[in-house]
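Below you'll find the structure, written out as C-alpha cells, and then a few comments.
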Amino acid sequence: MSVLVYTESDNGKFKKNAFEVASYASEVAKLLGTTATAISINADENESLGQYGISKVLHVSNDKLKLFNAKANAKAIIAAAKQEGAKVIIVSSSSDTKFLAPIVAAELGAGYVSNVMAAPESTAPFTVKRSVFSNKGFAHTQILTDIKIIGVSNNSFGLVENNVSASIEAFSVEYTDADFSTKSTEVDKVVGKTSIADADIVVSGGRGLKGPENWGMIEELADILGAATACSKPVSDMGWRPHSEHVGQTGKPVACNLYIAIGISGAIQHLAGVSASKTKVVINIDPEAPFFKAADYGIVGDAFDVVPKLIEKLKEFKAQNA
Ligand code: FAD
C-alpha cells in the first residue's frame, strides 16, 4: 500500500504544483510508514520527482492525453490506484484536478477533500485542515472512507526536498472512444508570460491606474520581479486587461507568495480570490482603502509616484546583487 500522487504537467514540463504535491505525498507516506508513488501523464524528466521523495513513477505516454481530459486522466489515476492498492491519493487543488478528483472519488468510493492547507493533523482518524468560505475560515475535516483523496492548496505545504532515487515504469491504460466523450480541440494560451496559477509573485492593478495606457509600469515591475500580472474585475470588464488576468471571487484564485495590489480598493469579492496569498503588499492613495486591513505591508501614496520609485530601487538592488 503506497500513497499515490497525481503530478500535473503541461507540454511535457511538470507544473510547480507537481513538486508541491509530491512533497506532500512523501510526508503522508512517512506518517503512514509507506512509500510515495506518482502517476505522471506525458511528462518528461520524471526522475526529478525523486528529489521530493517519490520512489516510483508510473509514466503514461499517450498522444490522446496531450490536452487535458478529466475523464481520461481520471481513468489513469484509478487504474494506478488499483494497481498500487493506494489508500491515500494526493492531487493539487487546481481547476483541472477539481474536475477529475470527483470522478476518481466516485469510482473508488473515496472521500475527497479539496483546499487542504497542511500535512494531516492525524492519520487515525485521518484529519486535515482545509480552507473554507473563500479562505475566510478553516475546517478540520475527518475523512472516514477506506480510500482518501486529498487536494492540496497551491503554496500551502511548499516544496520539501527529500532526495530518493525514483524508478520510472511505463504504465499503459486501455482507452475506448467512450473515455473521450468530450474533447478539447484547441487551447489558446498567453505565451511568454508567467501564468497567475504558477506565479510566486503577482503584480496586480486596479481602477486606480486610470487607464490601459498606464500598465507599462505594472508590466515593468512584474518583469523585474519575475512576476505575473493580474487585475481587478472592473479593469478586465472595461477591456483594459485580458479576462485571463481577472482575479477574485468570480475570476482566478491566487495563492502566491507575494501579491502586490496597486490602485485596488480591496472589495470583498477581490479579497476572496487573493486571501490565500502569503504576503500582501498594498499601494493605494487612500489610507482608508479596505485593502489595508488585509495587507501585511502598505504604502499610502500615488501609484504614479510610488511604482516608478520602486522600479528604480529594484533595478539598483539587482545591479548591486547581480
Ligand atoms: P475601485 O473600487 O474603483 O478602487 C480603485 C482604488 O484605487 C481606490 O481604492 C482608490 O483609492 C485607488 N486609487 C485611485 N487613484 C490612485 C492612485 N493614483 N494611486 C494609488 N491608488 C489609487 N472584483 C474583483 O476584483 N474580482 C472579482 O472576482 C469580483 N467579483 C465580483 C462579483 C460580484 C457578484 C460583484 C457584485 C462584484 C465583484 N467584483 C469583483 C467587483 C468588486 O465589488 C469591486 O467593485 C472591484 O473589485 C473594485 O475594483 P478596483 O479596486 O479596481 O476599483
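Sequence positions, counted from 1, serve as the residue numbers for this chain. Counting convention: from 1, in listed order, for ligands and their atoms alike.
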**OP:** Give me the one residue out of Phe19, Tyr6, Phe157 that meets ring pair (Phe, Tyr, Trp, His ring centres under 6.0 Å) with Tyr24.
**Re:** Phe157
Subject >> Side chains of Asn115 and Lys129, donor plus acceptor under 3.5 Å >> reply: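 On atom types as modelled, these side chains do not qualify, holding no pair under 3.5 Å.
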Original post:
Is the shortest distance from a Lys or Arg side-chain nitrogen in Asp179 or Lys64 to a carboxylate oxygen in the other one below 4.0 Å?
Top reply: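 No salt bridge links Asp179 with Lys64.
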Original post:
Do any N or O atoms from the side chain of Lys56 and from the backbone of Ala38 form a donor-acceptor pair under 3.5 angstrom?
Top reply: no
Subject >> Side-chain (Ser40) to main-chain (Ala43) donor-acceptor, under 3.5 angstrom >> reply: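 Checking the backbone N and O of Ala43 against the side chain of Ser40, no donor-acceptor pair under 3.5 Å is found.
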List the atom pairs, with distances to 0.1 Å, where a side-chain N or O of residues 137-147 and a protein N or O form a donor-acceptor pair under 3.5 Å, not counting sequence neighbours.
from	atom 1	to	atom 2	distance (Å)
His140	ND1	Glu121	OE1	3.1
His140	ND1	Glu121	OE2	2.8
Thr145	OG1	Gly111	N	2.8
Thr145	OG1	Ile147	O	2.7
Asp146	OD2	Lys87	NZ	2.8

Original post:
What residues sit with at least one heavy atom under 4.0 Å from ligand 1?
Top reply: Gly206, Arg207, Gly208, Lys210, Ser232, Lys233, Pro234, His246, Val247, Gly248, Gln249, Thr250, Gly251, Gly263, Ile264, Ser265, Ala267, Gln269, His270, Asn284, Ile285, Asp286, Gly301, Asp302, Ala303, Phe304
